[in-house]
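All heavy atoms count here, side chains included; hydrogens, waters and symmetry mates do not. All chains are named by letter (A, B, ...) in the order of the sequence lines, taking the proteins before the strands, and each is independently numbered beginning at 1.
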Amino acid sequence: MITMDLIAGLNTAQQTAVTAKPGPILVLAGPGSGKTRVLTHRIAYLIQDLRIRPWNILAVTFTNKAAREMRQRIENILDGQPRGLTMGTFHSICARILRRESQHLTYYDKDFVIFDSADQLQVVKQALKDLNLDDKKFPPYKMLNGISNAKNELITPEIYAATNYISEVTRRVYTQYQALLQANNAMDFDDLLMNTVLLFQEHADILLQYQERYEHILVDEFQDTNTTQYTLLRQLAGVHHNIFAVGDSDQSIYKWRGADFRNIQRFREQYPDAEQILLEQNYRSTQIILDAAKAVIKRNPQRVHKELFTLRQGGSLITVREAYNEREEAQFVMDSIENLILEGYSGGDMAVMYRTNAQSRVLEEAFLRVGLPYRVVGATEFYKRREVKDTIAYLRLIHNPADAVSLGRILNVPTRGIGAKSRQALQAWAAYNNLQPAEALIRLATDADAQHPFKNRALKALSTFGSMLNAWIVLRDQVPVAELLDVVLEQTHFRMHLDDGTEEGEERWGNVMEFRNVAAEGADMNLGEFLEQVALVSETDNLDEAPNATTLLTLHAAKGLEFPIVFLTGLEDGLLPHSRSLDEAEELAEERRLFYVGITRAKDRVYISHAFRRTFYGDSAVSVPSRFLGDIPEALTDGDSSAVKREKSKKRVSSWQTDTTWSKPQSSTRWSADGGSGRFQSPSQRPRPRHLEPDPFAQGTAETKRGPQYRAGMRVNHGRFGDGVVIESKMTGDDEEVTVAFADVGLKRLSASFAKLDIIQ
DNA sequence: GGATCTCATGTTTTT
DNA sequence: CATGAGATCC
C-alpha cells in the first residue's frame, strides 16, 4: 500500500526498477528518462517498504549537487530526513572513509590535505627536479596524465610496468611524485579513490565493516566510472551483492579521465544474474529533438540499442545557422535569445553550450554588450583564482604544516623579503634537521638557540613569518575559520598586496572577501572539514538559481542538466569533433556522444551554430562545419539542410583558395593531401586551418615534436647498431616507435626519444 | 631581492 | 590572444 505512493506516476519500466528484487540490477537509462526519479524512489522504497535503515544505504552520485538534490527529493518523498544515509561523489565518500580510517594509513595522518591540479603540477615539477629530469623534455602535465591514468587503473608505482623509455620515466616520476605527496601529507583526487581501494585490499577486516554496513549500493552515471571506482564498488558489494547501477553508455564522455563505459559490460559479466531494465521513455524533449539526437548517436558503432520515444509529438524544428565568425555567431545567439524572451521565455530557461572553455569569452562579451544577464559555469573557477588559492594555501598550511607545496606558494606572497636564496637555504636547513620547511620556520622563530645559517635581513624575514605562522597554528583550534582568516589577511597585509589601484585589484580583494564569506557560512565546520569541502566542490555544484540569467557552460558540464532552450555553438570540425580526437575512432565516437548529450539537454528547442571563420590563438582561420551536422536529417532542421550547408561552405572554402582578396594566411596554411572522412568533400580540395592538424611531414628535424620524424625507407644511423633502413614508424602516445632493419643486427624496435637515430641524407 | 619585460606556448573536457 | 616562465633590469 505504501508502495503505491512510491510508484504512482511512474511508467512500467520505472516501477520495475524501483521495486526490483534486491540483487545486482542494471538500469540503462536514456536521456530524460527519469533516472534521478528512479534512484530517489528506489532509495525511498528501500527505506519505507523494505525497512532498510538509511544507515545501510550508500548512494554514489557524479556531483555533490546531484547528491544534495537527491537527498532533498528523498526527504520530500519520505517526509523527513533519511538520517544516516551515505550519499555523495566517489571522491567525497572516499575522503570520508580515509579520514575515518586514517590510523590504518601508513603514510598519512587524519589531517591529510587534498591537492588540486595546480598543486599536483607543482609536485610533478619537484619530482622532475629531484630526478634531474628536464621538464622541457617531459612536460609536467603529460607526466601527470600518465600518473593519473595509472591511478585510475589502480596501478601503483610498484606494479607500474614500463614498456618503453617514456613510460620508464613516467614510472620514476610517479614513484617520486607519490613519495612527495606522502611527505606533504597530501593526496590528489585520484589518490582518494585508489588509497581507499588499497586500504580495503590490505585490511579485510575494515572492508568487512563497510561491506556489512552497506547492504544496498546505488550508483548514478555508471558509464563514467573508471577501473578504480568499479573495483571499489565490487569490494563494497562483496557481501550483500545488492548493487543498483544506473547508466547510459551513449552519455559516456569522460574516457579521458579514465572512465570506461565497458564497465557496464563488465558488470553484466561479473553479475550474470543481474536484472537489466531499460528506461526508454523520454520525458524531456520534443519528438523532433529526440529524433535528431537519435540520428546523431545512431552513427556510433557497437551500441546497445535503445528505442527512445517521447509523447511530446512534433515540436519546433532545429535551427542550424552559419555565422561569418565567432562574433557574429555570438550575435546570432543574442538575437535568438531576445526573440525567445519576446515569446515569453526567460533568459534562465536557456543554456549556451560549447566544446571548450575558451569559447565562452566571445559569448560573454556579447551578453555584456547586449546587457543580458548570464552566468558562466567553470571557466575561471573561483577556487582556482590566484588570490583565492593563495588564501587557501595559508589555511592549508596552518591546518597541515607538512604541506610544503602550500608553503612554497605563499612563503613570499605577499612579498616579505624571502627570495629564492633564502628559500633554498631554508629548504636545505630544514632537510638537514629533518624538519618540514614550515617546522623549520617555526623553530627559527621560537628557538633562540637554534643553530642556523641565516643572518640579517633574511633571518628577520624568515623568523617574522615563522612566528606569525606559529601564532596562527595556536589560534587554529580556538577561533572559527573566518576569524582565523581575518587574522591572517590582516597580519599579512593581504589587501595592500592585492590593491594596486586598478579595478582588477579591487575585484581580487572582492574574491578574497567572497571566500571569507564562504568560510563564515560554514561556521559549524572546523578547519579540516572546511578545507575538504573546498577541495571537493565543483563549479556545477554551486550553480544556484539565478532566475533570469542564461547559463553558459561546456558540453561536459551540461551532463545531467536540462533546459527548455539549448544553444550548441561552434559546430565545426576541429572544435566538435575536437581536433585532438579526429584520428581515433573511439575518441571521435566520444565527441559524437558529447554532441548527443548537448542535444538531449533541450526540452523545447535547439539552436545549432557554427562560424565560417574562427579565431584561434590570435589569428583567424576558415572552419569547416562539423561532420556531425550532416547526421541530422534535413527534415528536422529549418533552412538549408546541414549537408547542403557543409557543401556550400566547402565551396566557399574552395573559392577562397583562389580568391586573393581573402588570402591572409599564406605559407602557414597547408593543403592537406588527405582530409578526414571525405564523406562530404573531395579530400584533395580542403584547406586545413593551420591549427587543426600539424603536418606530420612538415620537416624531419628534431624540433618537430608532435608528428613522427621517421618514415619508412629512410636511411638512418644508430650509434651502436650502425646503419639501417626504417621499416615502420608510428606514434605511440607521445613517443615515436621506429622499426629499423639494421645491416648488422637485423630488426630493432626503437623509441625515437630514447635512441639517437640520425637520418642519413 | 624584487619588479618588469620578452618570449614561447597552447589543457578539450574535471572530480 | 593570454598566460607563464625565464631573462633582464633596477
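In this structure, A:D190 and A:N145 both approach DNA chain B, and ranking their closest nucleotides by distance from the 5' end singles out A:N145.
Residues A:T356 and A:H578 form a side-chain contact, since some pair of their non-hydrogen atoms from C-beta on lies under 4.5 Å apart.
In this structure, NZ of A:K129 is placed 12 Å from C1' of C:dA5, rounded to the nearest angstrom. A:K151 has its NZ atom 18 Å from the P atom of B:dT15, to the nearest Å. The distance between atom CZ of A:F222 and atom P of B:dT15, rounded to the nearest whole Å, is 20 Å. Regarding A:M143, its CE atom lies at a distance of 14 Å from the P atom of B:dT11, rounded to whole Å. One atom, CD of A:Q359, and another, P of B:dT11, lie 16 Å apart when rounded to the nearest Å. B:dT11 atom C1' lies 14 Å from atom CG of A:L575, rounded to whole Å. For the pair A:R361 CZ and C:dC1 C1', the interatomic distance rounds to 8 Å; values are reported in whole Å. Atom P of nucleotide B:dT14 and atom CD1 of A:I147 are separated by 21 Å, given to the nearest angstrom.
As judged by a 4.0 angstrom heavy-atom cut-off over every strand, A:K125 is placed among residues touching the sugar-phosphate backbone only.
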Could you walk me through whether A:R613 and A:E326 satisfy the salt bridge (Lys or Arg N to Asp or Glu O under 4.0 Å) test, starting with their C-alpha distance in whole Å, then the side-chain angles of each, then the deciding distance to 0.1 Å, before giving a yes or no?
CA-CA 7 Å; A:R613 298 181 75 92; A:E326 67 274 7; over 6 Å; no
Under 3.5 Å between N/O atoms: give me all the protein pairs with nucleotides 7-9 of chain C, atom names plus distance.
none

Contacts under 3.5 Å, N or O only, protein and nucleotides 1-7 of chain B:
unit_1: B:dG1; atom_1: OP1; unit_2: A:S422; atom_2: OG; d: 3.3
unit_1: B:dG2; atom_1: OP1; unit_2: A:G417; atom_2: N; d: 2.7
unit_1: B:dG2; atom_1: OP2; unit_2: A:N412; atom_2: ND2; d: 3.2

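Shown here for A:F494 and A:D390, the closest heavy-atom pair between the two residues is CZ-CB, 4.0 Å.
No hydrogens or angles considered: nothing links the side chains of A:Q331 and A:E329 as a donor-acceptor pair under 3.5 Å.
Proximity note for A:R386 (side chain, C-beta onward) versus B:dT11, B:dT13, C:dG4: the nearest is C:dG4. Of the listed nucleotides (B:dT13, B:dT11, B:dT15), B:dT11 has the atom at the smallest distance from the side chain of A:R580. When distances run from any side-chain atom of A:T554 to the nucleotides B:dT15, B:dT13, C:dA2, the shortest one goes to B:dT13.
With sequence neighbours left out, the side chain to side chain donor-acceptor pair (under 3.5 Å) criterion links A:Q427 to no other residue.
Note on A:N226: every side-chain N or O is 4.0 Å or more away from OP1 and OP2 of B:dT15.
Figure legend: A:R592 and A:F595 shown without cation-pi pairing, the cationic atom not lying both under 6.0 angstrom from the six-membered ring centre and within 45 degrees of its axis. Judged by the 6.0 Å and 45° rule, A:K559 forms a cation-pi pair with A:F62.
Between A:R593 and A:E586 a salt bridge is recorded (basic side-chain N to carboxylate O distance below 4.0 Å). Ion pairing between A:E572 and A:R614 holds under the 4.0 Å rule for side-chain N and carboxylate O. Salt bridge status for A:E364 with A:R375: absent, with no side-chain N to carboxylate O gap under 4.0 Å.
Ring-to-base geometry places A:W256 in a stacked arrangement with B:dT13 (centre distance under 5.5 Å, plane angle under 30°).
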